[in-house]
There are 2 protein chains.
Amino acid sequence: MLAGLEYDKRKRSELLGNAVDSSKTPSSDPEDSELGVEGGRKRATINDIARLAGVSKKTVSRVINQSPFVRDETRERIEAVIAEWGYAPDPQARGLAFRRSFLIGMVYDNPNPQYVVNMQLGLLDGLRGSGFELVVHPCNRASPTFLNDIRAFVERQKLFGVVLPPSVSEDESVARLLSEIGCAYIRIASVELDKPEHMIVGRDRLGGEVMGRHLVDLGHTRIGFVTGLPNFRSSHERLGGFEDALRKAGLALDPDYVAQGAYTFESGVAAGEALLARTPRPTAIFCANDEMAAGALQAARRAGLNVPEDVTIVGFDDFQIAQSVWPPLTTIHIPTREVGRLAAEKLIGKETRDARDPAPTAPYLVLRESSAPPPKS
Amino acid sequence: MLAGLEYDKRKRSELLGNAVDSSKTPSSDPEDSELGVEGGRKRATINDIARLAGVSKKTVSRVINQSPFVRDETRERIEAVIAEWGYAPDPQARGLAFRRSFLIGMVYDNPNPQYVVNMQLGLLDGLRGSGFELVVHPCNRASPTFLNDIRAFVERQKLFGVVLPPSVSEDESVARLLSEIGCAYIRIASVELDKPEHMIVGRDRLGGEVMGRHLVDLGHTRIGFVTGLPNFRSSHERLGGFEDALRKAGLALDPDYVAQGAYTFESGVAAGEALLARTPRPTAIFCANDEMAAGALQAARRAGLNVPEDVTIVGFDDFQIAQSVWPPLTTIHIPTREVGRLAAEKLIGKETRDARDPAPTAPYLVLRESSAPPPKS
DNA sequence: CTGAAAGCGCTTACAG
DNA sequence: CTGAAAGCGCTTACAG
């Protein structure tokens, strides 16, 4: 079952002890003798702190858990001992007693590495100093064991909670499962799919509108749109925001100028080729993410078109690729990392102390070289 | 200390019980009454399995830990009960008794999202079915608390082991620290920095040589090289392999045609500009990763040069960006995910059963459109 | 080959 | 405001 942990390999030779500081002086208690086969001094436990502070372990426990029912004087004495010995409670023991671990799961199926890494960094930002750790768990909605896998993961690890980025976040059966087994969760999505306490809502629609306005302001009227995967709400929201901008400018979206993409580079090439073949040709193409915009850029090149002189091509996300292609892409910046931080803070209840229900900062336009006014033909 | 876990919020209302199957029939034992406030039936424990199989919990423990000292008949009976009830031991309780958790840490500082995500996927591949989980832990070698952070992380979580990708893997003080505190570790690097049992050695040097041979075979003799960050061994190994290829072809590396990069797109632009300004101009530029090759591509375009007609530009890694730029980059494919799997398997001792000390598959050339014979001038 | 007792380091439930 | 007892679900150390 667990490799490397076979019974006969587990002969332990460490000696027990309570000492924890770095001096080599053995205490007078014979149990304290410390050789530390593995070179380390034993960490202090709640019992050590209790003894040293002259209180019961229960009282130390109260201090750890910020119980109000401790006299200030007692608390200060205990906190001093804790600080002096660098004591930190053992999350495993605490978890066992709490019947809940101090692990946060990130259950995701997003295919974009940059999104995944930024989201992780954001979650870690939110968890920093809290004592929680982040366990990553990719999943596959198409797998027949999809829900069972998640259930086994959550139950076995007794996860404190999980964060769900798109598109798993948009799967109702996952949210239902988590509710059933009593696991806290936060869904990250571009629309309010659940009760507010379970949601961090991204502002994809606004981002789509900002980009739409940019294109309209440049003078474009015949604009193509490349959608993302249909099972990502963000794709619909970005398109919806774009339509909002068109509508406000008195323009309408021509369905013939909407091409289906899949958020991948290759799908951007194909959709770009298709749109550039329309007659009349669009003067601008708005792709629902940068990856597809990079693909559309390539389609334009193959068609012998210069960007932005002949056609404007813009993306969404502001990931690295937007800067690495030529010309660099005008795009919409999305605060992925910040969204992650907010999700983690909300999950562990940190946000209640700071601000109530903070929304991520608004997406904004990043102007680069791939957008320009339409060619005067 | 731990947000959301204040003393007075922890009033628990669940009832205890031992039932675990899905039938609602309460057992005759009054303690078994089960309402499951959180909707869930209680999971079976080792005590339930022991009772059901008519043995002591110690014997169940032996089965779980694959002790040879269990009669076959007893073992089978217990395994049947385990399977019937879907029992899985609680990793927290097990960890507490073992004085070691079932968590594997990935401690990394690699800046490339694609590398990080692929490495994570590989580690997860190796951990699958083992009961171990992956905890991610980015770090910063420049931080004054760098080592203390790692120590606190490893000790607090009682990590079973950690995997170190470059460049943390190349930090001797980290390896020393891990040895001292008795934490198992695997270093992933392009040279054997440590005892074999602590190493997965990538074949960057071979990759560099393969690419060098490709360029030589195309007829290039005046080749520029853009290095990666100097504190990444891979950078030196890739250059070393390139030199090997040159030497074997009777060519020598001209130091004037080596430019310092930093593995980033921007550094590729700068190094590309510098090299393209040399007289005579190199007919090919080998960048130590794809990101910099994308940058060099941009430098070439700005200099009014066509790739590959005027100058060949090639990369290393075969990440997505190699396919997303124009022209798509000839590059060297590195089995990042496989390396991750091997590292995880080695760490948890899985590899001893499969193959002894497997090496990652060799890097190979991926031929795309950015390389061609030198221009006939 | 198997088991009863003690313990891992915490918290809960209950007294005072 | 504080503490002694019991328990979380496992394993170790020791008997038999």
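Treat the numbers as computed from the prediction; the structure is a model and nothing was measured. Chain letters run A, B, ... following the sequence lines, proteins first, then strands; residues in each count from 1.
For A/R156, the CZ atom sits in a loose shell: 12 or fewer heavy atoms of surrounding residues, nucleotides or ligands are nearer than 6.0 Å.
Atom NZ of A/K158 is separated from atom P of C/dT11 by 15 Å (rounded to the nearest Å). Whole-Å rounding puts the B/F69 CZ to D/dG16 P distance at 19 Å. Protein atom CD of B/Q92 is 10 Å distant from nucleotide atom C1' of D/dC8, rounded to whole Å. Counting to the nearest Å, the P atom of D/dC10 and the CZ atom of A/R99 are 13 Å from each other. Summarising the geometry, the separation between CZ on B/F102 and C1' on D/dC10 is reported as 9 Å, rounded to the nearest angstrom. Rounded to whole Å, atom P of C/dC10 lies 14 Å from atom CD1 of A/I78. Rounded to an integer number of Å, the gap from B/R62 CZ to C/dA4 P is 11 Å. Here the P atom of nucleotide C/dG9 and the CD1 atom of A/I64 are 13 Å apart, to the nearest Å.
Taking the ring pair (Phe, Tyr, Trp, His ring centres under 6.0 Å) definition, one finds that A/Y108 meets it with nothing, sequence neighbours left out. For B/F146, there are no ring pair (Phe, Tyr, Trp, His ring centres under 6.0 Å) partners at least two apart in sequence or on another chain.
Of the candidate nucleotides D/dC10, C/dC8, C/dT11, C/dT11 has the atom lying nearest to any side-chain atom of A/S61. Among C/dC10, C/dC1, C/dG7, the nucleotide with an atom closest to any side-chain atom of B/A97 is C/dG7. In this structure, the nucleotide among C/dA4, C/dC10, D/dG9 sitting nearest to the side chain of B/S56 is C/dA4. Checking C/dG9, D/dG9, C/dT2 against every side-chain atom of B/R71, the shortest atom distance belongs to C/dT2.
Taking the six-membered ring where the residue is Trp, the centroids of B/F102 and B/F160 are separated by 6.0 Å or more.
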With both pairing distances under 3.5 angstrom for Watson-Crick or G-U wobble, and | for a partner in another strand, the correct string for DNA chain C is |||.||||||||.|||
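Checking the phosphate oxygens (OP1, OP2) of D/dT2, a side-chain nitrogen or oxygen of A/T74 falls inside 4.0 Å. Between A/T59 and the phosphate of D/dG3, there is a side-chain N or O to OP1/OP2 separation shorter than 4.0 Å. Phosphate proximity of C/dT11 to A/N65: present, with a side-chain N or O under 4.0 Å from OP1 or OP2. Between B/R94 and D/dT11 there is a side-chain N or O to OP1 or OP2 distance below 4.0 Å.
Nearest-nucleotide mapping onto DNA chain C: of B/A93 and B/D72, the residue sitting toward the 5' end is B/D72. For the pair A/N47 and B/G54, nearest-nucleotide mapping onto DNA chain C gives the more 5' position to B/G54.
A salt bridge does not link B/E180 with B/R176: none of the charged nitrogens is closer than 4.0 Å to a carboxylate oxygen.
A donor-acceptor contact under 3.5 angstrom links the side chains of A/Q120 and B/Q120, judged on distance only. In this model, no donor atom of one side chain and acceptor atom of the other lie less than 3.5 Å apart for B/S67 and B/N65.
For the side chain to side chain contact (heavy atoms under 4.5 Å, CB included) with A/Y87, the qualifying choice from A/I78, A/I64, A/L52, A/D48 is A/I64, the only one to do so.
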